Each structure stands twice: as C-alpha cells, then as structure tokens.
*Asks:* 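My questions all concern the structure below.
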Amino acid sequence: MLRLGSSSIARHRATHVFRTLSAQKRTISSSTGTITGTSSSSSTSSSSNDAFSSGKDLDTHSSPSVTASEVDKFRQISTAWWDTQGPFKHLHTMNTARMQYIHKRLSDFKTPTVKGASAVDVGCGGGLAAESLARMGLRTLGVDAALENVQVARMHALEDAALALPDQLEYRRMTAEQLVAEGRQFDCVVSLEVIEHVADALAFVRSLVQLARPGGLVFVSTMSRTAAAMLIDVVVPEYILGTVPRGTHDHAKFLKPEELREMLEAVGAETVDVSGLVLEPLSNSCHVVPADWGLLRNIGVQANYILCARKRKP
Amino acid sequence: MNAPKSALALVRPMLAAMRQRPVARTFVACGKMQSASHPEAPDAQLYDVVIVGGGAAGCALASALGSTRALNRLRIALVDPGKLDDTREWKPPTDTYLPRTLQITSSNKRYLERHGVWGQCYTDRVQPCNRAVVTDAVGRGMIDLDASPSLLSVNSGSVAYMIETKNLVSGLLRSIHCSSTPVDLFERAKVVQIEPGHSGIKWPLLTLSNKQSLRARLLIGADGGSSQVRKFAGISTYGNDYGQHGLVATLCLEQLNSAAFQRFLPTGPIAMLPFPGGFANLVWSMDQGRVQQLKALSDDTFVSLVNAAFRLSPAEMQHLFGMVHNGCPDNAIKAEADWRLGVHVNIGGDRQPLLAPAVAAVSPKSRMSFPLRMRVVDSLVAERVALVGDSGHVMHPLAGQGLNMGLEDVQCLVAVLEQAVLAGQDIGTQPVLQRYNSQRYVRNLAMQGVVDKIWHVFGSDAAPIASVRSLAMRGLDCLPAVKRLLVRQMMA
C-alpha cells in the first residue's frame with residue numbers, strides 16, 4: 001500500500017533525525033551526570049519517572065484510542081502546523097489564551113513551573129502547546145500518534161535555543177495508552193483539541209488521568225455538542241469560510257462539559273473549573289470566559305471550552 | 001529550571017571572563033550545543049531581548065523590563081555607542097540647566113515613579129508645570145490653559161514635568177543598575193552589522209564594533225530617527241522635513257516662573273518652558289539659515305531678540321530678522337530691538353495679560369540646534385524586530401509629545417511581553433508583536449497627524465487662516481469646561 005510505503009520512508013528519515021538528536025542528548029547527559037529530578041514521583045510508579053530517558057518512537061497503529069482515519073486527517077497537512085495563516089490558524093489564536101489559563105491554574109495549585117514540574121501534552125500535533133509549556137519552565141513530553149507531527153514538532157523545537165536543554169522538551173510518537181503502560185506519571189497532563197478525534201473517549205480520559213500523579217492537574221479542551229458549536233466550529237469554518245478542511249470535526253464526537261466531568265469523576269479526577277474559550281475572528285484573538293454569566297448557566301461553554309481537573313489522592 | 005550543577009561548573013569560568021556579573025541563566029548549558037550546529041557565529045551570545053540605543057526610550061525599556069517580575073527570566077542586553085557609565089555618574093552643573101530637555105506627562109511620570117526611576121533622578125531639577133499660554137502673533141488669538149483650579153480636586157500631581165534629558169537618562173541608568181533582573185550593558189559599542197538568521201536558529205545576529213556578536217530573540221530598535229535597526233528590518237519610512245531647525249538654549253528670567261509660553265510666529269513657533277530657580281528652556285523653530293545666524297550673535301543681542309519674539313508684531317520681527325540676515329553688527333541689532341521693546345512698553349504692551357516673563361540672560365554656550373522633521377513608518381514591527389521611541393515616530397517638538405509617545409510605546413510593549421511570557425510564547429514571533437503594533441501604531445499616527453496639522457495651521461500667515469484660528473483660540477479660551485476636559489485628557 002502506498003501509505004505504508006511512504007510512512008516507512010518517513011520512519012527511516014525520522015529515525016535518522018532522531019538518532020542525531022539523541023546522540024547530541026547523550027553527549028550532554030554524559031557530561032552532566034545524573035539529572036536531579038523533582039519530588040513528583042508517585043509511590044506506585046517505576047524509577048523512570050524523573051529521568052527523561054531518550055525513548056523510542058512506538059508503532060501506534062494498533063491502539064484502542066487511535067483511529068487511522070482520524071490520524072490521517074492531520075498527517076496530510078502536517079507541514080502546515082506552524083503556518084499562522086494556514087489550516088491551524090485558529091489553534092495559534094487559541095494557544096495564548098489556553099496557556100494563560102493553564103499557567104493560572106498551575107500557580108493556583110502552587111505547582112512550581114520554574115522549578116521543573118513535569119508535563120505531558122497528549123496529542124501534541126506540531127508542538128504548539130508543548131513548546132509553550134516548555135518555555136514556561138515545565139519539563140515537557142509531547143506525544144502524538146502521527147509520526148509526521150512528531151517530526152515537524154522536533155524540527156520546530158530546534159529553532160529556539162531555550163528549548164534545547166537536555167530534558168526541557170521531548171517528543172515521542174506513541175499513544176496515551178502506551179505511555180501509561182510505561183508507568184510514567186506527570187504533574188500536569190494536557191490534551192487540547194484531541195478528545196473529539198479519539199474512538200473511545202472514556203478510555204482516553206482514563207489514560208489521561210492515569211498519566212497524572214495523585215494531586216496532579218489534567219487539562220482537556222474540546223468543543224461542546226451543542227447547536228452553537230455546530231455552527232461556530234463546524235459549519236462556519238469548514239463550509240462557509242473554508243479556513244479549516246472539511247471533515248476535520250465530527251459533531252457527534254463533541255463532548256458536553258457535564259459528560260466530560262462525569263467521565264473524569266468515574267476515573268478518579270475531580271473537576272476544578274470549566275471555562276469557555278471565545279474566539280474573535282476579526283481581531284484574531286481569543287478570550288477565556290467563565291462558564292456562567294449571571295443567571296445564564298453554561299452560556300460561556302456552548303462552543304469551545306477548557307476544563308481543569310485534579311486527580312484525587314488515594 | 002535547575003540546570004545540572006556540573007554543567008554550570010564547566011561553563012561558568014569561561015563565561016565569567018566575558019561578563020561583569022556571574023549570571024546563572026538557562027542559556028549557559030546551551031552555549032555548547034549552539035557551537036556544534038552554527039559554525040558561522042560560534043561565540044555569539046544569546047539574548048532574549050537586545051535593545052539597540054541607550055537614549056531615553058531604550059533605557060526606559062531596559063529599566064521597565066528589568067523591574068517586571070514576570071520577565072525576570074529574560075536575558076536582556078542594551079547596546080549603545082556612547083559612554084553609559086559616564087551618563088550614569090553625571091553630576092549636574094550647579095549654575096545652569098542643559099538646553100536639551102523633555103516634557104513628561106503626568107501619567108508617564110506616575111509610570112516612572114512606580115518603576116522606581118523618578119526617585120533616581122535629580123528631582124530638585126524638575127519643574128512641574130500646570131499652566132500653558134499659547135498665543136498667535138498674526139491673528140492675536142490666545143489660550144490660557146491653567147490646570148491649577150481643577151488640580152485641587154484631582155490631586156494627582158501636575159499636568160506636565162520639565163526635565164533635562166540627561167537627568168532622565170542618568171536616572172534610568174541608575175535604576176537599571178539596581179534592577180532585580182541584570183541587564184547587560186554593551187557601551188562604547190556601535191552596531192557594525194545586523195544579519196538575519198539563516199539555518200537552524202533564525203534569530204538576527206548583531207556584530208558590534210568591539211568584535212562581540214549577539215543573537216537576539218527580539219531585537220528592539222530604540223536608536224532614534226535614523227534607526228539602523230529599522231533599516232535592517234526593511235520598514236520603510238516617509239515624511240517631510242519641515243525645512244526648519246529647532247534652536248534650543250537655556251535662559252535666565254527676570255522672575256520665577258512655572259508656566260509654559262508658546263507663541264506662533266509666521267517664521268515658526270517660539271516656546272519657553274519653565275525650570276526651577278528662574279531658569280527656562282527655549283525652543284525656537286525657524287529656517288536653518290536663520291538658526292545659524294542667531295547662534296552666531298552675542299548673548300545680549302540674542303536675549304533682546306528672544307524678548308522681542310514674545311512681544312513684537314510679526315512685521316517688526318521680520319525687520320529684525322532682516323537686519324540679522326544682512327549682517328548688521330550685533331550692537332545695532334540690539335539697539336533696534338531694545339528701542340522697539342521700549343515703544344511696546346510705552347503703549348502699554350507690558351500690561352497685557354498672558355505675557356511671557358522677560359528674559360534677563362542666556363547661558364553662555366548653551367545654544368544648540370537640530371533639524372525638525374516628521375517621520376512616519378509603515379509598521380512598528382517586523383520579523384523579530386520592534387521599534388520604540390523616535391525610530392517609530394518623529395514629530396515636531398511644538399507639542400512636546402515625542403518622548404511621551406516613546407514612553408507609552410515602552411509601557412505597551414512591556415505589557416504585551418509580560419502576557420506572552422506568562423503564556424510561554426516566543427516573544428519574537430508575529431502573533432505577539434502584532435499585538436504591540438496594533439495598539440501603538442494608530443495612536444502614534446494620530447498624534448503625529450495632530451502635531452503636523454497644528455504646524456500647518458499656524459505656519460501660515462495668510463489673513464483668513466490667521467483670523468479663523470485666532471477666533472477658534474479665543475473661543476476655546478472662553479469655554480472653561482472644555483479647557484478642563486483638555487487638561488484632564490493631558491493628565492490621564
């Protein structure tokens with residue numbers, strides 16, 4: 001099949017790129033000795049918590065949360081991730097607001113961003129959110145099911161000297177389940193605009209919460225299954241304006257905040273806050289708004305929203 | 001983040017030699033990695049912000065960045081060809097004021113106070129000013145903007161503050177010196193070349209005259225009207241030269257004064273800005289040739305001409321200028337001017353309200369001049385470049401707004417950068433810089449437009465225009481509510 005052929009070439013190229021990168025990383029780590037970790041390790045996880053070992057990319061084709069068709073939607077336009085006028089323009093606009101929200105919640109819960117708390121971006125795509133997290137000071141791991149995305153993210157991270165430190169920012173091609181299987185846990189788990197593309201939302205949420213250490217924060221941003229979201233996020237961008245490729249979003253897979261809240265409760269995470277993300281296309285900006293406005297409940301989260309949950313301590 | 005201890009130990013001795021103070025920064029460990037991949041500039045020091053230009057705007061930005069807590073992890077450099085430590089250690093002269101001065105609005109002064117800059121300046125050499133008298137020589141219109149009555153209720157300081165440029169810059173440098181975030185000063189260093197980044201790191205590379213090279217995540221052009229950074233960024237600029245020069249000098253008045261006086265002559269406006277102790281700063285705009293002639297006059301003659309410019313009619317001024325142009329000896333010009341001033345007194349001229357105080361003397365060797373022009377830019381930002389201060393806008397000094405716009409640029413840029421850093425963004429990228437541009441560009445353009453229009457309206461001596469504008473001035477003078485609104489606007 002043509003697709004497999006091209007992906008194997010891509011994998012070969014990626015391995016070469018990765019080998020060069022990991023060679024550089026090994027030089028640094030050998031000269032620095034052990035990297036002192038933070039106190040984020042949980043009691044049940046393995047010793048690979050603190051050291052960001054240079055992990056290998058894994059084959060993600062046979063994974064419960066990943067559908068090949070969804071992954072393909074992004075694989076084909078992978079080079080356009082960092083084009084601020086391209087199909088991912090809205091993600092760039094939303095990124096500042098989302099990151100400010102995450103920063104505020106992290107500081108509310110006294111998670112030390114500068115002192116090296118760890119974070120994982122599940123479904124990192126081209127690395128938009130992962131780079132911002134790393135620049136904030138978190139030791140970030142970005143994972144994505146599509147190899148092309150991980151390659152683009154790695155290439156882009158090379159352009160910024162602040163991201164080139166040994167364990168500041170790392171990308172791996174794998175799924176959330178595979179990362180859980182490795183036994184890793186993080187202070188902060190972030191999954192932005194991903195859950196509407198997965199096959200089994202509950203399993204995905206379970207993986208996200210398993211990746212967080214007890215007391216750690218989980219951030220999920222997605223779109224609500226309302227008529228407003230159908231209009232604002234599907235009809236207008238895909239069919240009227242054409243800024244987003246058709247078929248990117250499937251309205252049936254959108255999750256309402258209450259549904260997501262229930263799922264998180266079922267797997268042991270307590271929702272701390274839900275806020276809406278309002279995009280202003282004219283001024284190309286995005287604002288975080290509270291969910292309720294006066295007596296109008298859930299008015300702010302009718303379209304895009306971001307949710308912050310905290311994993312319960314045992 | 002905690003850089004590994006042994007990496008720091010390896011690299012620190014190498015860097016301590018290059019820097020004045022030990023800096024534990026996130027780029028320390030990365031320096032080695034850079035040299036492996038970028039052989040064309042192996043020793044380039046990496047900075048988040050490089051400010052080119054150590055004038056008032058550049059130093060204000062460096063001081064603001066250094067004192068903002070959210071930005072304390074940024075590496076900042078300030079590059080200037082002059083001797084910054086001399087300016088920092090400046091001891092003011094005891095018997096005069098410097099002729100290059102600035103007007104600072106009250107909101108900018110509050111900003112400088114909040115950042116601990118105002119306390120570092122010599123505040124006894126600063127004159128708060130609450131009153132401005134603007135008159136028109138041709139149409140005999142006049143406005144008296146007096147803020148004192150409304151100030152009693154507002155209670156937030158004066159409308160404007162007159163300060164010598166060197167006083168402010170030395171205060172800024174002192175505050176940079178004791179700011180919480182170290183700012184690396186590259187003084188006595190001219191920027192020889194700026195190259196855009198190539199492969200890998202796309203940051204612009206600056207080569208200095210002292211052989212050092214810097215790479216900047218964000219390059220700030222604070223290097224004045226003929227900005228080198230702006231040329232590098234390819235931002236085109238256009239505007240007109242007014243064909244005039246501004247002549248500045250320090251005057252000694254016959255009485256204490258705390259009001260600003262400006263008179264529009266057909267040859268250009270003349271302004272007297274108050275300073276403590278009966279001193280004043282003169283800003284007189286006129287054609288370049290006339291400026292050179294006036295600079296060559298003796299001190300006494302010059303004083304008589306200044307007094308004449310505030311009192312006599314345009315026709316008499318024209319006659320005096322003619323005498324200067326024809327090369328009449330200084331005492332003849334002085335005699336003529338004094339006689340005409342005597343006539344003016346005899347016909348009751350000195351009992352006119354709103355007359356500028358008489359000038360007794362001019363400080364020796366304080367007469368300087370500079371060309372006046374307006375420069376508008378296409379944009380305040382480019383790829384990894386932002387402009388603050390005069391590099392982004394040059395305007396006529398008749399409204400005293402030049403540095404005030406620059407300080408507002410600084411405030412806006414610092415707020416935008418703070419927001420970007422908290423969100424983990426790369427501060428040199430367009431989404432961040434466009435936020436700065438969209439807020440400042442239109443405001444700067446509007447102010448430049450207003451100042452330019454004022455110059456054109458008052459530059460004409462055609463009778464219809466003169467009578468209309470004088471009527472407008474007198475009309476405005478009769479509306480105290482509107483004047484109070486204007487004053488409140490100027491203070492906000």
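No experiment lies behind these values; they were computed from the predicted model shown. Proteins come first, then strands; the chains are lettered A, B, ... in the order of their sequence lines, and each starts at number 1.
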*Asks:* Within residues 415-429 of chain B, which residues come under 4.5 Å of chain A, heavy atom to heavy atom?
*Replies:* B:Q419, B:L422, B:A423, B:G424, B:Q425, B:D426
*Asks:* A:R135 and B:R73: which non-hydrogen atoms are nearest, and at how many Å?
*Replies:* O-NH1, 3.7 Å
*Asks:* Between A:E159 and B:K202, which heavy-atom pair has the shortest distance, and what is it?
*Replies:* OE2-NZ, 3.0 Å
